[in-house]
*Asks:* 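Before anything else, here's the structure in question.
As the structure is a computational prediction, the values presented were derived from the model and not from experiment. No hydrogens, no waters, no symmetry mates; every other heavy atom, side chains included, goes into these values. Just so we're on the same page: letters track the sequence lines, and every chain starts at 1.
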Amino acid sequence: MDPSEYDLPFFHRGGFHRRTCVVCGHAFWTLGDHDRCQEAPCREYGFVGRPIFARPYSLGEMRETYLGFFERRGHTRVRRYPTVARWRNDVFFTQASIYDFQPWVTSGATPPPANPLTISQPVLRFIDLEEVGRSGRHFTLFEMLAHHAFNRPDHEVYFKDRTTELCHELLVSELGADPALITYKEEVWEGGGNLGPSLSVSALGLEVATLVFMEYLRDGDRLKPMPLTVVDTGYGLERLVWASQGTKSAYEAVFGAEYDELRRTFPARETAILIDHARALNFLLTDGVVPSNSKEGYFARLLLRRAQRILAKTPEAPSLRAILDRAAREIARDFPEVGADRDDLHAVVQAEIERYDEAIGRARQTIRRFEERARSVGQRVTSEQLLEWYDSLGVPPEVAVEELSEPPAIPEDFYARVAARHENERPTTDYAEKTEGWPEVPAGIPPTEVQYYLDPYTVAFDAHVVWSEGPFVVLDRTFFYPTGGGQVTDRGHLAELEVVEVARQGPHLLHRLERTAPFHPGDRVRGRVDPVRRTQLMQHHTATHLMNGALREILGPHVWQAGAFKSPESARIDVTHYRPLSKEELRRVDRRVNEVVREDRPVKSYFESRAEAERRFGFRLYQGGAVPGRDLRIVEVEGFDVEACGGTHCTHTSEVGAVAILGVERIQDGVVRLTYASGERALEVREEHEEILREASRRLGVPVAQLPEGIDRLLGEIEEARKLRRDRLKEDLGGTATRLLSDPSAVSTFGAVTVIAARLDLERAELMELSRLLSKEPGRVVVLAGEREGRGTLFVGSTAPGVSAAAVVDAAKDRFQGKGGGNPAAAPAVGEPGAPLTAALEAARSHARASAGG
RNA sequence: GGGCACGUAGAUCAGCGGAAGAUCGCUGCUUUCGCAAAGCAGAGGUCGGGGGUUCAAAUCCCCCCGUGUCCA
């Protein structure tokens with residue numbers, strides 16, 4: 001990066017000089033006379049016992065000081081976004097404040113909620129999990145304080161100079177840091193195809209902020225200026241608090257009395273882990289993450305189980321629930337939504353603890369059995385086995401060892417070795433672009449006026465073509481709904497041409513026609529949206545909001561939408577929930593939804609400022625994830641459900657008609673999917689179902705109401721018949737056995753051994769059964785030949801100690817090209833029928849007699 | 001999203017290429033005034049589903065479905 005990028009007027013005005021760090025070699029700006037940058041490890045921590053700021057701040061004080069400082073300097077305060085980044089498919093969690101605005105705001109597709117803005121965003125960093133409690137400064141969840149500005153060519157807010165000036169003013173004038181202690185180190189930031197210069201701000205060894213200036217697009221080796229440049233700052237709230245107090249670790253400074261209370265029972269590291277995890281869990285659970293075995297749910301499980309493990313080994317430990325509640329009380333001072341419904345949160349946690357106990361209980365049993373078996377063959381359990389058990393059963397090694405009478409040593413680097421086992425797994429990331437293969441709309445084309453927002457009932461309109469390429473058309477305005485928000489595209493016509501799909505691309509809506517569009521910019525065209533399809537989609541979309549509302553009402557506020565899909569045929573919603581839905585719960589959801597339909601509540605769709613909407617409805621608005629933009633489009637089912645949503649909706653619940661639940665399944669641990677139909681489709685589906693029932697009833701000859709009993713009876717009869725057939729076969733074979741035993745040509749006795757040989761018209765399984773009947777007593781050798789469907793089978797069974805059935809078959813099988821073998825007790829072989837089979841039978845008989853001593 | 005483990009009688013599991021098993025539970029009988037207990041006898045299995053390899057598959061291979069677990 002060109003050094004001029006960092007050569008800010010602010011540095012010159014303020015009398016900074018540029019130096020090069022003698023340790024890391026980076027250039028940095030300072031007012032002091034350091035020969036090294038102030039960032040660890042170039043400079044050791046120097047603020048413990050010597051606070052950087054003028055006075056100690058608590059977490060809440062520091063946050064308020066920061067946000068207030070930027071508010072007074074023209075920034076709008078924006079509330080936090082969810083910690084689960086449901087609006088992105090490349091990450092699970094919000095890992096930085098800028099994530100809130102990616103990709104739509106940073107790409108310029110939609111305006112930011114405010115500009116410039118300031119925010120305190122709780123973010124999750126699981127990469128630091130092992131460092132929590134060890135390093136003294138790492139958290140799985142911390143608050144990233146930030147001020148952001150988004151600059152368009154026609155509207156520059158501020159950029160590098162002002163950003164750095166604001167940062168310095170905050171640290172020095174507001175917080176009272178010694179200006180000579182601060183260094184601004186030159187770095188390059190790159191991510192997501194963007195890059196730009198950045199400044200790392202440190203004092204006394206502590207990095208307190210990073211100022212990133214997203215300025216360029218990477219195009220191979222070349223850099224292209226971005227149309228929208230972004231100020232992306234990040235200040236660690238916990239670090240600022242720590243720096244202001246100068247305590248030994250960040251945890252004491254951040255958690256205060258809560259830390260001291262737990263510290264009486266637990267060692268320092270465990271105390272930090274417990275509080276940190278409790279804080280992260282409170283946010284995660286509030287934001288609708290249900291512990292599970294995959295995706296974001298796994299991280300909640302990981303935290304919960306780690307905490308539970310610490311508690312389990314301390315007899316006088318409080319319950320996890322108590323620790324979570326204590327943490328939630330602190331958090332709720334600033335984030336009242338966190339853990340607001342304690343009962344629901346307890347239910348989720350309780351379910352998870354029970355599952356953990358069950359898993360560990362099962363695992364203990366498996367481990368005991370494994371060792372028993374190992375010992376019976378003179379082997380011991382290896383430490384490699386401990387790894388295996390942790391990986392596949394979830395048993396921590398110290399628990400496994402408790403179950404073993406001769407435990408192996410737990411490897412020092414146990415968790416590193418677990419990680420090594422997973423080293424070669426390649427995660428596949430899904431970056432599938434919906435509009436792949438679609439042309440890019442050139443810059444300068446005016447954005448499409450989206451009018452389906454205004455009136456979902458308008459299905460015919462006139463508009464002007466503003467751009468066209470091949471089958472793709474952009475209009476000045478449109479009533480066509482594009483694929484998005486889990487709702488499939490509208491179809492219809494532009495002039496006489498069919499519209500196959502509509503998709504959003506930044507500020508434009510592209511209509512894809514059945515063939516090349518004969519339009520030119522400026523042409524006036526008539527648009528007609530397929531009204532039947534549109535109506536059905538509206539009904540399904542509104543039905544989805546009703547489902548969401550009913551599920552939350554009946555199952556509890558941990559229910560969040562984890563995905564949704566609406567097509568003209570059916571709709572589905574995936575929600576977070578910790579166990580399968582019971583029949584009763586499902587029935588109540590069905591009833592409630594249809595009740596709301598009948599109540600004919602108004603469904604209002606309108607735009608409202610983000611701040612006002614959040615104030616009125618809270619965080620729950622973001623069911624589908626964060627929605628960008630200064631104003632939110634609110635879809636409100638009066639008194640029942642409110643969501644920020646861009647879809648087309650009915651204006652009264654009665655228009656949904658009826659909702660028929662078609663199915664419920666657990667698509668993933670912690671996520672339940674409901675499929676349903678509404679409107680015409682609900683009727684059609686019900687008709688189809690009724691027709692199936694009638695047809696089943698006709699075929700079974702049983703009234704519909706008695707179908708279940710009828711089926712049971714039928715199944716019973718089938719079972720009965722099967723048994724009867726089996727019994728009869730056994731009986732028949734029993735008769736054959738009796739006959740054979742009294743047939744002198746079949747039976748010959750040699751001392752204690754009786755050889756029975758015969759040729760029968762039976763198949764393999766029958767020969768086997770017959771042999772079993774004949775050889776119930778010891779000292780019997782049975783040699784049977786059977787012929788069926790052109791194949792000959794030889795079966796030998798033996799209960800005579802000196803005669804091996806396998807040996808007898810081996811001696812005879814060549815005679816009929818037979819293949820087979822077995823064990824001393826039983827041996828079949830299959831080969832040619834007819835004379836060769838007879839020859840084999842004779843050979844087997846003689847061999848059996850010979851081995852019997854005949 | 002990926003790795004690993006698992007799916008066998010009502011329950012818990014063994015068996016891991018050659019004749020489907022154990023324990024508990026269940027039913028009946030013996031014993032007892034009755035219960036418990038004990039003894040004896042018995043019922044109960046498309047070995048998760050579907051393909052394939054093999055003379056032969058619960059067992060080996062592939063694909064689904066389900067469960068658990070670890071890791072992103």
*Asks:* Figure out the CG/C1' separation between A:Asp90 and B:rG1, and round it to whole Å.
*Replies:* 13 Å
*Asks:* Using the closest heavy atom to pick a nucleotide of RNA chain B for each, name whichever of A:Arg421 or A:Thr799 lands nearer the 5' end.
*Replies:* A:Arg421
*Asks:* In Watson-Crick or G-U wobble terms, both distances under 3.5 Å, what is the partner of B:rG68?
*Replies:* B:rC4
*Asks:* Within the 4.0 Å heavy-atom criterion, would you say A:Gly394 contacts the bases, only the backbone, or no part of the nucleic acid?
*Replies:* sugar-phosphate
*Asks:* Would you list the atom pairs, donor with acceptor, under 3.5 Å between side chains in residues 91-98 of chain A and any protein atom, with sequence neighbours excluded?
*Replies:*
{"from": "A:Thr94", "atom 1": "OG1", "to": "A:Pro82", "atom 2": "O", "distance (Å)": "2.7"}
{"from": "A:Ser97", "atom 1": "OG", "to": "A:His148", "atom 2": "NE2", "distance (Å)": "2.8"}

*Asks:* If you check every side-chain atom of A:Arg301, which of B:rC70, B:rA14, B:rG44 has the closest atom?
*Replies:* B:rC70
*Asks:* Side chain of A:Arg369 only, heavy atoms from C-beta on: which candidate in B:rU12, B:rA72, B:rG15 is closest?
*Replies:* B:rU12
*Asks:* At under 4.0 Å between heavy atoms, what does A:Val418 touch on the DNA or RNA strands: base, sugar-phosphate, or nothing?
*Replies:* sugar-phosphate
*Asks:* Would you measure the distance from the P atom in B:rC13 across to the matching atom in B:rG48 and give it in whole Å?
*Replies:* 15 Å
*Asks:* Can you tell me which nucleotide in B:rG3, B:rG44, B:rA5 comes closest to the side chain of A:Asp391?
*Replies:* B:rG3
*Asks:* Quick one: does any side-chain atom of A:Ser775 pair with a main-chain N or O of A:Gly797 as donor and acceptor, under 3.5 Å?
*Replies:* no
*Asks:* Taking the side chain of A:His422 as its heavy atoms from C-beta onward, which of B:rG3, B:rC13, B:rA72 lies nearest to it?
*Replies:* B:rG3
*Asks:* Assess the residue pair A:Thr838 and A:Arg759 against the criterion (side chain to side chain donor-acceptor pair (under 3.5 Å)); give the C-alpha distance rounded to whole Å, side-chain angles, the decisive distance to 0.1 Å, and a yes or no.
*Replies:* CA-CA 8 Å; A:Thr838 310; A:Arg759 195 174 194 294; 3.1 Å; yes
*Asks:* For B:rA19 and A:Asn823 - does any side-chain N or O of the residue sit under 4.0 Å from the phosphate oxygens OP1/OP2?
*Replies:* yes
*Asks:* Does atom CD of A:Glu412 have more than 12 heavy-atom neighbours, drawn from other residues, nucleotides or ligands, at distances under 6.0 Å?
*Replies:* no
*Asks:* Between B:rG44, B:rA19, B:rA72, which nucleotide has the shortest distance from any of its atoms to the side chain of A:Lys295?
*Replies:* B:rA72
*Asks:* Would you say a side-chain N or O of A:Arg362 is under 4.0 Å from OP1 or OP2 of B:rU67?
*Replies:* no
*Asks:* Looking at A:Glu406 and A:Arg375, is any side-chain nitrogen of the basic one under 4.0 Å from a carboxylate oxygen of the acidic one?
*Replies:* yes
*Asks:* Rounding to an integer number of angstrom, what distance separates B:rG68 and B:rC61 when you compare their P atoms?
*Replies:* 24 Å
*Asks:* Considering every strand shown, what is the Watson-Crick or G-U wobble mate of B:rC55 when both distances are under 3.5 Å?
*Replies:* B:rG18
*Asks:* So which nucleotide from B:rU67, B:rU69, B:rA5 ends up closest to the side chain of A:Asp669?
*Replies:* B:rU69
*Asks:* Would you kindly give the CG-to-C1' distance between A:Leu767 and B:rG18, to the nearest whole Å?
*Replies:* 15 Å
*Asks:* From CG of A:Leu387 over to C1' of B:rU69, roughly how many Å is that when rounded to an integer?
*Replies:* 14 Å
*Asks:* Looking at B:rA56, I'd like to know if its phosphate oxygens (OP1 or OP2) sit under 4.0 Å from a side-chain N or O belonging to A:Arg764.
*Replies:* no
*Asks:* May I ask which nucleotide in the shown strands pairs with B:rA38, Watson-Crick or G-U wobble, both distances under 3.5 Å?
*Replies:* B:rU30
*Asks:* In whole Å, what is the span from the CZ atom of A:Arg417 to the C1' atom of B:rC70?
*Replies:* 16 Å
*Asks:* Please state how far atom CD in A:Glu384 lies from atom P in B:rC70, giving the value in whole angstrom units.
*Replies:* 18 Å
*Asks:* Just to be sure I understand the rule, does A:Phe92 reach a base, reach only the sugar-phosphate, or reach nothing, if contact means heavy atoms closer than 4.0 Å?
*Replies:* base
*Asks:* What is the distance, to the nearest angstrom, from the CD1 atom on A:Ile667 to the P atom on B:rC65?
*Replies:* 13 Å
*Asks:* Please determine whether a side-chain nitrogen or oxygen atom of A:Arg355 lies at a distance below 4.0 Å from atom OP1 or OP2 of B:rG68.
*Replies:* yes
*Asks:* For nucleotides B:rC70 and B:rC62, find the distance between their P atoms and express it as a whole number of Å.
*Replies:* 25 Å
*Asks:* Could you measure between the two P atoms, the one in B:rU8 and the one in B:rC40, and give it in whole Å?
*Replies:* 29 Å
*Asks:* Donor-acceptor pairs under 3.5 Å, side chain of residues 808-815 of chain A to any protein atom, not counting sequence neighbours: which ones?
*Replies:*
{"from": "A:Asp810", "atom 1": "OD1", "to": "A:Lys813", "atom 2": "NZ", "distance (Å)": "3.1"}
{"from": "A:Lys813", "atom 1": "NZ", "to": "A:Gly820", "atom 2": "O", "distance (Å)": "2.9"}

*Asks:* Taking only the side-chain heavy atoms of A:Tyr390 (C-beta and beyond), determine which of B:rC4, B:rC70, B:rG18 contains the nearest atom.
*Replies:* B:rC70
*Asks:* Just compare B:rG68, B:rU12, B:rG44 and give me whichever is closest to any side-chain atom of A:Lys723.
*Replies:* B:rG44
*Asks:* Select base, sugar-phosphate, or nothing to describe what A:Ser775 touches, counting heavy atoms under 4.0 Å on all strands.
*Replies:* base
*Asks:* Without decimals, in angstroms, what is the distance between A:Asn293 CG and B:rG66 P?
*Replies:* 12 Å
*Asks:* In whole Å, I'd like the distance from the CZ atom of A:Phe414 to the C1' atom of B:rC70.
*Replies:* 10 Å
*Asks:* Any ion pair linking A:Glu384 and A:Arg417 (charged N to carboxylate O, less than 4.0 Å)?
*Replies:* yes
*Asks:* Quick check: on RNA chain B, is the nucleotide nearest A:Ala827 upstream (toward 5') of the one nearest A:Arg726, or the reverse? Name the residue that is more 5'.
*Replies:* A:Ala827
*Asks:* Using the P atoms only, state how far B:rU53 lies from B:rG3, rounded to an integer number of Å.
*Replies:* 26 Å
*Asks:* In terms of the angle between their ring planes, are A:Tyr390 and A:Phe414 parallel, tilted or perpendicular, with boundaries placed at 30° and 60°?
*Replies:* perpendicular
*Asks:* Mind checking the C1' distance from B:rC55 to B:rA5? Whole angstroms is fine.
*Replies:* 33 Å
*Asks:* Where the side chain of A:Ala359 is defined as all heavy atoms beyond and including C-beta, which of B:rC13, B:rG44, B:rU69 is the nearest nucleotide?
*Replies:* B:rU69
*Asks:* When A:Leu774 is tested against each of A:Thr736, A:Thr738, A:Leu740 for side chain to side chain contact (heavy atoms under 4.5 Å, CB included), which residue passes?
*Replies:* A:Leu740
*Asks:* For the side chain of A:Ser771 and the base of B:rA19, is some donor closer than 3.5 Å to an acceptor across the two?
*Replies:* yes
*Asks:* Please pick, from B:rC70, B:rG18, B:rC55, the nucleotide with the shortest atom-to-atom distance to any side-chain atom of A:Lys819.
*Replies:* B:rC55
*Asks:* Could you give the distance separating B:rA20 and B:rA57 at their C1' atoms, to the nearest angstrom?
*Replies:* 13 Å
*Asks:* Suppose you measure atom P in B:rC60 against the same atom in B:rG66; what distance do you get, rounded to whole Å?
*Replies:* 22 Å
*Asks:* Applying the Watson-Crick and G-U wobble criteria at under 3.5 Å, what pairs with B:rG10? Answer none if nothing qualifies.
*Replies:* B:rC24
*Asks:* For B:rA43, give the paired nucleotide (Watson-Crick: N1-N3 plus N6-O4 or O6-N4; G-U: N1-O2 and O6-N3; both under 3.5 Å), or none.
*Replies:* none
*Asks:* Could you check whether A:Glu769 gets within reach of a base, just the sugar-phosphate, or nothing at all, counting any heavy atom under 4.0 Å?
*Replies:* nothing
